[in-house]
Structures are given as structure tokens and as C-alpha cells.
Amino acid sequence: MPIVVRIDVELAKRKMSVNEFAERVGLTPANVAVLKNGRAKAVRFSTLEAMCRVLDCQPGDLLEWVEG
């Protein structure tokens, strides 16, 4: 998959657990795992906005395109 999700990197920088992140964003920990593992087929802009708000980052900090 050419889009790599970097949520784990941002969580580690902030020493934030998946459970805390999931609760603050409004997702289940299972859905965060789907995102982190690159198994998600889509991300709503409202979810991306919430993730960026919670992590105080830009979308490009969470998503990276790599040539496959």
C-alpha cells in the first residue's frame, strides 16, 4: 500500500496510549488499530481533523505516500 499511516510515530512522540488517543478522537481502539496497520480503505476528513487536533499535527504528519 503506497499510503503509510504514521499514527504510531506521533503517539510515541507524545507518549500517548492507543486507548487514550481513541477516546479523545472518538474512535474504538480496534478502529485505531485498523488505521495504524494500514488496513483502512478510507479516512473521513472529520476523523483526520480530530486526529490532527488531538495530536496537534498536520495531516502530512500522519499520512505519507511512498512509491510502491
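Fair warning: this is a prediction, and the values are worked out from it, not measured in the lab.
Annotation for S17 and L11: closest pair O-CD2, 4.4 Å, computed over non-hydrogen atoms. Nearest heavy-atom pair across C52 and P59 is SG-N, 3.5 Å. Taking every heavy atom of both residues into account, M51 and I7 meet most closely at SD-CD1, 3.9 Å. Heavy-atom minimum distance, A22 versus P29: CB-N, 3.8 Å.
The distance from the CG atom of D56 to the CD atom of E10 is 10.0 Å, given to the nearest 0.5 Å. One finds the CG atom of L35 at 11.5 Å from the CG atom of D8 (value rounded to the nearest 0.5 Å). In this structure, CD on Q58 lies 10.0 Å from CG on L48, to the nearest 0.5 angstrom.
Note: the hydrophobic cluster containing L27 also contains M16 (ILVMFWY, side chain heavy atoms under 4.5 Å, direct or indirect links). Linking ILVMFWY side-chain heavy atoms closer than 4.5 Å, directly or via other members, places W65 and V9 in two distinct hydrophobic clusters. Note on V32 and V43: same hydrophobic cluster, where clusters join Ile, Leu, Val, Met, Phe, Trp and Tyr whose side-chain heavy atoms are under 4.5 Å apart, directly or indirectly.
Residues L55 and L62 form a side-chain contact, since some pair of their non-hydrogen atoms from C-beta on lies under 4.5 Å apart. The side-chain heavy atoms of C57 and R14, taken from C-beta on, include a pair separated by under 4.5 Å. Contact of the L63 side chain with the V5 side chain is registered, since non-hydrogen atoms from C-beta on lie closer than 4.5 Å.
Residue pairs that meet the salt bridge (Lys or Arg N to Asp or Glu O under 4.0 Å) test with at least one member in residues 16-32, sequence neighbours left out, are E20-R24.
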